[in-house]
Amino acid sequence: MARILITSAIPYINGIKHLGNLVGSQLPADLYARYMRARGHEVMFICATDEHGTPAELAAKKAGKPVDEFCAEMHEVQAKIGAGFGLSFDHFGRSSSPQNHKLTQYFAGRLADEGLIEEVSEQQVYSHADGRFLPDRYIEGTCPNCGYDKARGDQCENCTKQLDPTDLIEPRSAISGSTDLEVRDTKHLYLKQSQLKDRLSEWIDTKTDWPVLTTSIAKKWLHDGDGLQDRGITRDLDWGVPVKRGDDDWPGMEGKVFYVWFDAPIEYIAATKEWADKTGGDWESWWRTDKGADDVRYVQFMGKDNVPFHTLSFPATIMGSNAPWKLVDYIKSFNYLNYDGGQFSTSQGRGIFQDQALEILPADYWRWWLLSHAPENSDSEFTWENFQAGVNKDLADVLGNFVSRVTKFCRSKFSEAVPNGGAFGETEKALIDDLTTKIRAYESYMHDMEVRKAANELRGIWVAGNEYLQAEAPWTVFKTDPDKAAGQIRLALNLIRVYAVLSAPFIPEASAKMLSGMNTLDTSWPDDVEAALTALPAGHSFTVPEVLFAKITDEQREDWAERFAGTRD
RNA sequence: GGCGUUAUAGCUCAGUUGGUUAGAGCGAACGACUCAUAAUCGUUAGGUCGGUGGUUCAAGUCCACCUAACGCCA
């Protein structure tokens, strides 16, 4: 039995995410977590909401709420949606938690002790009316070059000239419109990532088994241009983790917070501590290599936009701390999912949001389609036609109908109990060999996180059951040799349990229904397929389950395609 | 403007280090079956692998240029 630590990139707090966010990290992470648990491994599956930073403040302001209240509410909303999709987190934390404050301050202190933090003086525009500093794009004014009156502090959109905030004529706050501004000196902490460049580079070079997408992005950041740059880790904001050096105050840093990119990944650790504080579990045995984590395999899931933070920034924090914290062992990254020929767009309301998806169909429909079309090698495409075809064919026709035809046949010809009689013959042996080959391939793909290939293999396993029935035709056999037909159906009924166990990582709700229909709690993995196909003995009662997957009609498809084409109401 | 990614059957995608007649699923046509959610199973048709040129005994697979789509950056 292995110990596996799994984290999914933590979603930002400022709104409900679309399906592209789901398929790029949380969903495949959940698939992997469920599979590893099913194989008997000890799993710690962690996710959280990423709550700090300016966008959270602005979203709260727009909602007319204090930012902490807003974040607490949005966290609940996201937690509920995650549960709706069956995401089986051991803990879904919050980056604003006290645990994360403490750990973030601890890491900053460690980095400072190691000489990896530098204080840098900068000039920033301060707004008296807003009571805060304004990052470049929060200042507007007239462009000195072309006279455009809505130029931003970093660039004029009209003439594309790059600007400095102090260049603007009649500058004003983009938040309040106030012109009561002044340029102030401010000090910030920088993490000297450049000093860690060689260690990071060496470390990345050892990761020869990582997907090319992951390592190529990391190497690009390491080596392009002047190489890995030092980076500011503090901001002049109210909302965030107050800057402290461990438990001590940090002279000159009063009133400042850590920049969101610095505290967010530390939340992976802090969320595990949140879990421990709640359950009494041992969080350090997952994260401290001196306290039991040396045998942990740590796997991260994320979209490609998050790769630089997880291959460089977060490892820089861990390595730079010079303390025995667990580094990631494997990073599985995903490309983007496009929507009907374009991008999903949060701002334009284009595409399907997670809450809407759950309103129109059960989670398993989405889980199956999204995972079987996961954008692993390149950006992939969601179309309603494809979604309808995939779900109807795979789930309703191949799997759902298999369950239906077997249980109903048994009920009508025998009873609602596994029938007695018959024995495995040549065809059954052949089926068992075929299934064994396919299940071993499925295990291999799941182990390697080859999501699409695993889905394809699973589908093949479902098809094998229909092939068997079609070839053996128990409905014909029954007329002349009911005993033989009984043996065939007993095998088919057992196949339903095996399918439920194998399919659970992809479609947990339907699997639970199948097991419940078969009236069994036996979720043992089919290591030995022949034995697994006799788990339900003759005489074991069952009930014909309700329809597992209703088909998506053309009317529904057209209706939804129109509804999600643009602007969210 | 700079950098990068992608371009394979009607659709969504596989194609390992270049090597026999380029694969899968869906869709289509035809056939079988009737237990089942008009479901299932089988057979067949469909591609000059975006274009041009090059390297090689051999290129979808490497190189150059072109075109198109997309992404990132200042």
Side-chain angles (χ1 to χ4, degrees), chain A residues 20 136-137 152 154-157 159-164 208 211-213 216-217 219-221 223-225 229 303-305 307-308 333 335-344 368-370 372-414 441 445 448 450-460 462-479 482 485-486 488-489 492-493 496 510 544-553:
Chain A
D136 294 358
R137 64 193 178 111
R152 300 192 315 206
D154 53 350
Q155 182 180 31
C156 172
E157 284 180 325
C159 68
T160 74
K161 184 177 169 60
Q162 291 166 43
L163 302 170
D164 201 65
T208 50
V212 180
L213 178 67
S216 68
I217 292 174
K219 285 177 180 172
K220 181 172 169 354
W221 280 62
H223 304 303
D224 269 18
Q229 296 297 300
K304 62 182 171 186
D305 52 327
V307 169
S333 57
N335 288 285
Y336 294 140
L337 179 70
N338 289 322
Y339 180 79
D340 233 348
Q343 284 186 292
F344 276 85
W368 173 253
W369 192 89
L370 289 169
S372 62
H373 293 76
E376 290 177 294
N377 296 316
S378 61
D379 291 358
S380 67
E381 180 85 7
F382 177 95
T383 67
W384 283 101
E385 287 76 10
N386 226 277
F387 176 70
Q388 178 194 29
V391 164
N392 285 356
K393 190 70 187 174
D394 298 344
L395 295 182
D397 294 347
V398 175
L399 177 63
N401 181 56
F402 178 81
V403 173
S404 188
R405 68 193 296 200
V406 170
T407 53
K408 285 182 180 171
F409 179 79
C410 186
R411 180 174 62 183
S412 76
K413 302 299 187 212
F414 300 98
Y445 288 137
D448 294 342
E450 294 269 13
V451 177
R452 299 176 82 127
K453 287 178 179 171
N456 195 43
E457 201 65 44
L458 179 59
R459 187 187 178 284
W462 296 339
V463 166
N466 282 316
E467 285 173 352
Y468 171 75
L469 286 185
Q470 212 59 37
E472 290 305 290
W475 47 89
T476 306
V477 172
F478 181 79
K479 293 170 187 164
Q488 292 165 341
I489 286 301
L493 287 165
I496 294 175
V544 174
E546 59 185 296
V547 169
L548 284 180
F549 299 100
K551 290 198 192 193
I552 296 169
T553 65

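Convention: sequence-line order gives letters A, B, ...; per-chain numbering from 1.
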Handout entry: Residue met sooner reading RNA chain B from 5', once A/K413 and A/A471 are mapped to nucleotides
Key = A/K413
Problem - Verify stack between A/W475 ring and B/C35 base, 5.5 Å, 30 degrees - result: yes
Practice task
Pick the C1' atom in B/U6 and in B/U61, then give their distance to the nearest Å.
Solution key: 15 Å
Handout entry: A/V463 side-chain proximity, nearest of B/G15, B/C41, B/U40
Key = B/C41
Handout entry: Rounded interatomic separation in angstrom, taking CZ from A/R405 and C1' from B/A36
Key = 6 Å
Handout entry: A/Q470 CD to B/C35 P, straight-line distance once rounded to whole Å
Key = 11 Å
Practice task
Taking only the side-chain heavy atoms of A/A389 (C-beta and beyond), determine which of B/U37, B/A14, B/C26 contains the nearest atom.
Solution key: B/C26
Practice task
Measure from CG on A/N335 to P on B/C70 and round the result to the nearest Å.
Solution key: 16 Å
Output a table of nitrogen or oxygen pairs between the protein and nucleotides 10-12 of chain B separated by less than 3.5 Å.
residue : atom : partner : partner atom : Å
B/C11   : O2'  : A/N386  : ND2          : 3.1
B/U12   : O4'  : A/N386  : ND2          : 3.0

Completion exercise
Which of B/U37, B/A24, B/A14 is nearest the side chain of A/N456? It is B/A24
Exercise for the section: Give one of base, sugar-phosphate or nothing for A/D397, where a contact means two heavy atoms less than 4.0 Å apart. Expected result: sugar-phosphate
Problem - Closest to side chain of A/S404, choosing from B/G25, B/U37, B/C35 - result: B/U37
Fill in the blank from the handout: With the side chain defined as heavy atoms from C-beta on, A/F549 is closest, among B/A14, B/A36, B/U37, to B/U37
Exercise for the section: Tell me the stems RNA chain B sits in, counting at least three consecutive Watson-Crick or G-U wobble pairs, each under 3.5 Å on both distances. Expected result: B:1-7 with B:67-73, B:10-13 with B:23-26, B:28-32 with B:40-44, B:50-54 with B:62-66
Problem - Separation of the C1' atoms in B/C33 and B/G27, to the nearest angstrom - result: 22 Å
Exercise for the section: Tell me which of A/V406 and A/K551 sits closer to the 5' end of RNA chain B, going by the nucleotide each one is nearest to. Expected result: A/V406
Fill in the blank from the handout: Tested for ring pair (Phe, Tyr, Trp, His ring centres under 6.0 Å) against A/W368, the lone hit among A/W462, A/F549, A/F387 is A/W462
Practice task
Give the rounded distance in Å between these two atoms: CG of A/D305 and P of B/U5.
Solution key: 18 Å
